[in-house]
Amino acid sequence: MPDKFVTLTPEIYSYVIEHGAREDDVLRRLAEETEKLGDIAIMQIAPEQGAFMHLLVRAIGARRALELGTFTGYSAICVARGLADGGQLVTCDLNGDWTQIARRYFDEAGVADRIDLRLGPALETLRELPDDEPFDFAFIDADKREYPEYYEECLRLLRPGGLIMLDNVLRGGEVLDGANDDPRTLATREVNDRAIADERVDVAMLGVSDGITLALKR
Ligand code: DHB
Ligand code: MG
C-alpha cells in the first residue's frame, strides 16, 4: 500500500504555511520574539496549527474556551480571535516571564479583554472552575505528566459537542519507543490509549506538528 502521508521537507512545509495559515503581523512578531528565548521556543505552536485552532473554534461557534499552557500566547490569540461575540478564553501557565510577553501581545492583538490569564498550576485552575459554566473548547498543552488528569477535568468542564485538542501526542515519536520511560512519555501514552478507547468521545489523531488529538464530547 502506498504511503497515505507526505513526509514534509522544509520546502513543502513552507508551502503549507504559505497556503494554509494567515499569520498576521502581530503573530509574526510574537513568533520572532519567542524564537529569541532559545530552545524553549519549540513549545510555541506552529502557524498551521494556530490557523487550524482558529478555524475549529469558529466552526463550533465557541464562546467559552480553556487553555492549559499559555506560554507566550500564540495559541491563545488564535483561539481568542475565533470566539463568538462576548466570548472568553481562560488560559493558565506557571511562568510569569512568558506570560508577560503573552499579555503584551494580547493587547496588541486587541483580545486582552476576552482573555482571563491565570498564573498557577493547571490542575488547580481546572479544579477551581465550576461545572455550571461549561466550555466549548479546550486546548491541553501544559505539563505532559498531567495529561490524563487534564483530559478528565476538561471532559468534566466541556458541554456535549465541545471539543478538546491535545498537543504533543506523538512526543517526537517517543510514544513508540518502549525503552523510553520518561514520565511525560508514559503519561502521553496513557492518555492516547485512554482517548481512543473512550466511549464518551469521538476521536481523531492527526500527524500535524508534534501530533494532535481531537476529542469531541458526546
Ligand atoms: C515541549 C512542550 C510543548 O508543549 C511542545 O509543543 C513542544 C515541546 C517541551 O516541553 O519540550
Ligand atoms: Mg505543545
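What you see is a predicted model, and the numbers here were worked out from it, not measured in a lab. Both counts, for ligands and for their atoms, begin at 1 and track the order of listing.
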query = Hey, mind stepping through I164 and K217 against side-chain contact (heavy atoms from CB on, under 4.5 Å) and telling me if it holds?
reply = CA-CA 8 Å; I164 297 176; K217 183 172 171 177; over 6 Å; no
message = Surrounding OH of Y13 (heavy atoms of other residues, nucleotides or ligands, distance under 6.0 Å), is the total greater than 12?
response = yes
message = Rounded to the nearest 0.5 Å, what separates atom CG in L126 from atom CG in L66?
response = 5.5 Å
ask   = Does CG belonging to L206 count more than 12 external heavy atoms closer than 6.0 Å?
value = yes
key: Cationic N near anionic O, under 4.0 Å, R194 to E190   = yes
request  = Consider only side-chain heavy atoms of I, L, V, M, F, W and Y, link residues closer than 4.5 Å, and tell whether I212 and L163 are in one cluster.
outcome  = yes
ask   = Can you tell me the N, O or S atom of D167 that's nearest the Mg ion (ligand 2)?
value = OD2
E149 side chain near D143 side chain, heavy-atom distance below 4.5 Å = no
If you look at each N/O of ligand 1, which protein N/O atoms lie under 3.5 Å away, and at what distance?
unit_1, atom_1, unit_2, atom_2, d
ligand 1, 4 (O), D141, OD1, 2.8
ligand 1, 4 (O), K144, NZ, 2.8
ligand 1, 4 (O), N168, OD1, 2.8
ligand 1, 6 (O), D167, OD2, 3.1
ligand 1, 6 (O), N168, OD1, 2.9
ligand 1, 6 (O), N168, ND2, 2.7

note = For the Mg ion (ligand 2), the nearest N/O/S atom on D141 is atom OD1
query = Under 2.8 Å from the Mg ion (ligand 2), is there an N/O/S atom belonging to N168?
reply = yes
